Structure formats: structure tokens, C-alpha cells
Amino acid sequence: FDARAFDDLVSFRLPLEDSDRRAILEEETAFARDDFERFEDVSAAENFPNSPLPRDLRFRYLMQLVDRRAARDEIARVAEDDLGHILNWRVIGPFKSPGADPDAVVFPPETEVLFDKRYRLEENECRWATPDREPAVTLESWGWLRFEYLYQDDSAIYALTHVNVLEAQDALIHVRADDDVSVFLHDRLVGKFRNSGQNGASPIPWRGPRALMPDAQRFAVRLEKGRNKLLIKVKNRGGPSGVICAVTRPNGERLSFLASDSDAPERPDRAIETAKSPMKKVLRQVFESRSFGSKFEVAAGRFEVRRKRLVGTDRSGGVAWRKYTVRPGFPRDAPSNLLWFRDKYSRGLDDFALLVEVETDGDRVPKIGLICQGDGSKDGLSGITTVLHPGGGGISGRLERYDRLVYQTRGIELPALEEDDESRLIELRSEDGRITVTIDGVMIFDACDMRPIKNKNRLGLMTWNDDTRIVAVELRRR
């Protein structure tokens, strides 16, 4: 490829800057000449703020210390003081939820941190541990946190620390895990990263990806003055597991006055702001007549009113669904009917509550999708989508951002309907970037943190067939 490839990447909206163009050319020259002096200079991080090479060169020096079996204190000093590796942790796990993705299930450490509490599971007991005080959790001198629990296949393991700074500042969290990783700062989900394995084609053995260095992913964050709670969740698919994390300035240099501690958080449970003004009703629609086009627009399938119920009559699976999944034999199970609220109801929508009353035959579990921050197209996964469906002997839920699963719950039992009651009430609340979903008061998702999608605000409903019928819809907003 020639230099025009850089312009193509910019046109594809990759977050590249003009300084990156020069950095790439300088990197090519350095490798061609086997001369990295420009990237080893103290000003390299300022001159090439997005280049991984200055940190890679220091990774190489750190690995040389490890290979030479240097003193543990010397290795730890370089890792912590020069590269910002975190060396203080508390660990708990492994947590499992049969039939659900452990990366997407909310386990207790995401809602409470109680060092003296134990969680009894079918195969094991989960309790907080300090690395190197028990064989299952060890910390290498350079910061790799190794997990060797029994029964840790298809599980989630958590690591907790606190980052202390003297003043509020922007920072980067660098992380690599075996296998997948989620990062929470002050109980807010910063991001997730799916480990795709090492790049065996790389001819440069000391340059990433490398499993035991925090060079796989970096997340931009804002640290508050004082103590910052950092929780990392590792999904282990099978075999050994572990994680390594570093915190740096935005240019990759050591964070000034950085310290870390693994003591208990100041609040043992997740703090969620609830004292807000009440929401006002802006729309309530019951289906007394066959006309509903003034409030909604159909994007896919067909909806009609039958016996005062809004029914999606199509069964063809015609809603655009998992468009970027290329897996032979993968069951897409696409919805058939999709409608959007008219734009005037969701324009400028921030905190809101969407109430949907649904009816099924007998006491069957509904199957329905609710979209917020969508784009109004035929794509059912164009925003933040909640999918509720039968599963696990009750109702199961998926909370997705585009087509990426973020949260999942499985097999929640719903109370039986009363004799004179034919419908169930689904409530989706979005407040301060957290999604809460209940059905007849039963909690499905409890204030799950979701990164907002900028410049999108459409609300939508999806059904798979006419087995789930909509009795009424109500929208409230703050």
C-alpha cells in the first residue's frame, strides 16, 4: 500500500490524526534501518502520541529483565514506575451462569464489593483473594495476574484495584486478558474487548500482540481527583486465564503521582443517582381504532389492529438482523415486524420510561424487542436493543449495543397471571445512561450501564409473529 491508504482509512472514519501519518513513516524507516533512537528519546511520546512504538521499546527492555531473571523488585520498579502497570489487586471468581455468556451476566462484584462475603455456586465457592496468598491467583513481577482456579472454563473472574491521583485528569487504561475483558471505572462500563488471539505472522517477536503485556486495547477515561475504583472482568473460555493492566497519561507516559491500592472501596455497593424529578407522560396509545400511523411508522413487516390489539402479522423474519455475522449455520432468528415511534416523540430524548403492555396466548412468555437510540431504518440492531424471549424455564433477556451482546440474563420465572388479567407490563427505563427493564415488577436488567450512541434517539418495537400482541404503549420523559 502507498500513502493513499492513510487517506482511505480517514475516509472510513478511523480515529487517525495528521501526526499519525508522519509517525507511520518514521516507524517504517526505523524498522528498515533497525534504528529506533528517535522512539527511545524522552520526547518520543510527545512527538508521536499515538504510536505504540515508544512503549513497545520499553516492553522489550522489561522482557529482557524478565528473561535475564533480574531481581523481582527491579522488574516491578520498571513495570510500575515506567510503564504504569498495576501491581495491587483483589480477585474473586470464577462465576458461572449455565446457558448464558458469562461476559454478559451481571455477577455480584458488579453491584457490591464485600471482602468478607462468600458466594456459593454449584461447583465452587467464590471469595475475595489477594494474589500469591493462595495457589489459584498469582501475580508475576511485571504485572500479569494469573488465574488457575478449578472449574474456570466458561466463567467470569474479577480483579479490583483503585487508582489514586492528586488531581482530575485524562488518562488511558491499557489492558490485555486471556480471554475477553470488560473494564469498569467507578461502576461505569468503560468498554469491552474480545481477544482474538496472538498474531503469529508477526516477524518481530517483541512487538505486539503479546499475551503478557497490556498492549491489546486502550480505553480513554477521565480520572477524578483522589481514589478511582477500577474493576476488571475477565471471561475465560477455557484453560488458563489472566489479565494485565496499565494506567498512563494520554500519550502513553507514566501518570504523574500514580499509586494503586486494593483496599475496600469507600462504598461497598454500586452508587446510583435516584433523586431526580418525576417523568411526564408524553404519549399513551391504546388501539381502539385501526389507525395508528400518526404515532408510529412501520419499517419492516406488517402491523394491524385486531380486537384492540396491535399485532405484527408477518412471520418471514424480514427485519435486518445480525447483518455482519458470517457464520454458517448460525441461528439468526430475525424478527419479522418493526415499527418506530414518530421522530417528534423521541427528538432530544434523554431520561425516559417506555411502558409496553403485551398479551400472549394463555400464560406464555412474550417475545419482543425494544429499541432506543436507534436510527429509524429497517435494521433491528441499529441502537441499544432489549430482546425478551422464552428461555431457561422462564424469560430470558439480551441487552445489545448494535449487534454486540453487552448484558444477558436467563431463566427468570414470571408470576402466573391472575384469572382476570390477560396482559403483562414491560417497563424499560433509561436514566443517566443506565438501562433498567422489568416485567410485572420482576427485575430483568437492573440499572445496567450502556455507553450512549451519539446523535441517535429513535424508539422502536419489534415482534417475531402474532403470538405477542401489544395492548398499550406509554412514553414518559424527563
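Because the structure is predicted, anything quoted here is derived from the model rather than measured. What you see below is based on every heavy atom in this structure, not just the backbone, and it leaves out hydrogens, waters and symmetry mates.
- Taking the side chain as every heavy atom from C-beta outward, Phe219 and Leu172 never approach each other to under 4.5 Å.
- No side-chain heavy atom of Ile157 sits less than 4.5 Å from a side-chain heavy atom of Ile92.
- Using a cut-off of 4.0 Å between Lys/Arg side-chain N and Asp/Glu carboxylate O, Glu400 and Arg322 are scored as salt-bridged.
- Residues in residues 152-161 take part in no salt bridge (Lys or Arg N to Asp or Glu O under 4.0 Å) pair, two or more places apart or across chains.
- For the pair Arg424 and Leu388, the minimum side-chain heavy-atom distance is 4.5 Å or more.
- With respect to Arg188 and Asp432, a salt bridge is recorded, a charged nitrogen being found less than 4.0 Å from a carboxylate O.
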Discussion item. Run the side-chain hydrogen bond (donor to acceptor under 3.5 Å, both in side chains) test on Thr138 and Asp132 for me, step by step, so that the C-alpha distance in whole Å, both residues' side-chain angles and the decisive distance to 0.1 Å come before the verdict.
Written reply: CA-CA 5 Å; Thr138 56; Asp132 297 324; 4.8 Å; no
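- By the 4.0 Å N-to-carboxylate-O rule, Arg118 lies close enough to Glu125 to be salt-bridged with it.
- Remark: side-chain polar atoms of Trp321 are paired, donor with acceptor, to backbone N or O of Arg332 under 3.5 angstrom.
- Taking every heavy atom of both residues into account, Glu110 and Leu231 meet most closely at CA-CD2, 4.2 Å.
- Residues Glu357 and Glu474 form no side-chain contact, since every pair of their non-hydrogen atoms from C-beta on lies 4.5 Å or further apart.
- Of the candidates Arg218, Glu253, His174, Thr248 forms a side chain to side chain donor-acceptor pair (under 3.5 Å) with just one, namely His174.
- Proximity of Leu349 to Arg477: side-chain heavy atoms (C-beta onward) are separated by under 4.5 Å at one or more points.
- Counting non-hydrogen atoms of neighbouring residues, nucleotides and ligands closer than 6.0 angstrom, the CD atom of Gln64 exceeds 12 such neighbours.
- Partners of Phe193 according to the ring-ring contact (aromatic ring centres under 6.0 Å, His included) rule, which considers only residues two or more places apart in sequence or in another chain, do not exist here.
- Within the 3.5 Å criterion, the main-chain N or O of Pro108 finds a donor-acceptor partner in the side chain of Thr111.
- Between the side chains of Ser19 and Asn50, no donor-acceptor pair of N or O atoms lies under 3.5 Å.
- Other residues, nucleotides and ligands contribute only 12 or fewer heavy atoms inside 6.0 Å of the OH atom of Tyr151.
- Of the charged side-chain nitrogens involved, at least one lies within less than 4.0 Å of a carboxylate oxygen, so that Arg249 and Glu46 count as a salt-bridged pair.
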Item to complete: Let me see the working for Ser182 and Lys192 under side-chain hydrogen bond (donor to acceptor under 3.5 Å, both in side chains), right down to the final yes or no.
Response: CA-CA 4 Å; Ser182 302; Lys192 291 174 175 281; 2.9 Å; yes
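- For the pair Val137 and Leu145, the minimum side-chain heavy-atom distance is below 4.5 Å.
- Within 6.0 Å of CZ on Arg133 lie no more than 12 heavy atoms contributed by other residues, nucleotides or ligands.
- Here Asp215 pairs with Arg176 in a salt bridge; the nearest charged N to carboxylate O distance falls below 4.0 Å.
- Residue Met213 comes nearest to Phe59 through the heavy atom pair SD-CD2, 3.7 Å, listed as atom of the first residue, atom of the second, then distance.
- Nearest heavy-atom pair, Val243 versus Ala177, reported as atom, atom and distance to 0.1 Å: CG2-CB, 3.9 Å.
- Judged by the 6.0 Å and 45° rule, Arg478 forms no cation-pi pair with Phe352.
- Looking at Asn47, its side chain does come within 3.5 Å of a backbone N or O of Ser43 through a donor-acceptor pair.
- Ion pair Asp180/Arg237 flagged as a salt bridge, since at least one NZ, NE, NH1 or NH2 atom sits closer than 4.0 Å to an Asp/Glu carboxylate oxygen.
- Nearest heavy-atom pair, Ala136 versus Tyr149, reported as atom, atom and distance to 0.1 Å: CB-CD2, 3.7 Å.
- Listed by first and then second residue, the side chain to side chain donor-acceptor pair (under 3.5 Å) pairs involving residues 70-84 are Arg58-Asp82 (not counting sequence neighbours).
- Side chains of Trp340 and Leu459 form no contact here, defined as non-hydrogen atoms less than 4.5 Å apart.
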Discussion item. Quick one, Val91 with Thr130, criterion side-chain contact (heavy atoms from CB on, under 4.5 Å). Give me CA distance, side-chain angles, the key distance, then yes/no.
Written reply: CA-CA 6 Å; Val91 176; Thr130 302; over 6 Å; no
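- Atom CG of Asp421 sits in a crowded spot, with more than 12 heavy atoms from other residues, nucleotides or ligands closer than 6.0 Å.
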Practice prompt. Assess whether side-chain contact (heavy atoms from CB on, under 4.5 Å) is satisfied between Asp440 and Leu417, documenting all intermediate values.
Written response: CA-CA 10 Å; Asp440 288 346; Leu417 291 173; 4.3 Å; yes
Item to complete: Determine, stepwise, if the pair Asp446 / Val106 fulfils side-chain contact (heavy atoms from CB on, under 4.5 Å).
Response: CA-CA 9 Å; Asp446 184 8; Val106 177; over 6 Å; no
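- Counting heavy atoms from C-beta on, the side chains of Glu112 and Arg270 never come closer than 4.5 Å.
- A salt bridge does not link Arg476 to Glu427: none of the charged side-chain nitrogens sits closer than 4.0 Å to a carboxylate oxygen.
- Crowding of Asn455 atom CG: a count of heavy atoms from other residues, nucleotides or ligands under 6.0 Å not exceeding 12.
- Pro135 approaches Glu148 most closely through the heavy-atom pair O-OE1, 4.0 Å.
- Residue Arg120 qualifies as enclosed at atom CZ: its count of foreign heavy atoms under 6.0 Å is above 12.
- Note on Arg146 versus Asp178: no salt bridge recorded, every NZ/NE/NH1/NH2 to OD/OE distance being 4.0 Å or above.
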Discussion item. Show, in sequence, the C-alpha distance, side-chain angles and deciding distance for Leu461 and Thr463, and conclude whether the side-chain contact (heavy atoms from CB on, under 4.5 Å) test is met.
Written reply: CA-CA 7 Å; Leu461 297 174; Thr463 64; over 6 Å; no
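- Applying the side-chain contact (heavy atoms from CB on, under 4.5 Å) test between Met443 and each of Val437, Thr438, Ile412 identifies Thr438 as the sole match.
- When all heavy atoms of Pro214 and Ala246 are compared, the closest pair comes out as CG-CB, 4.0 Å.
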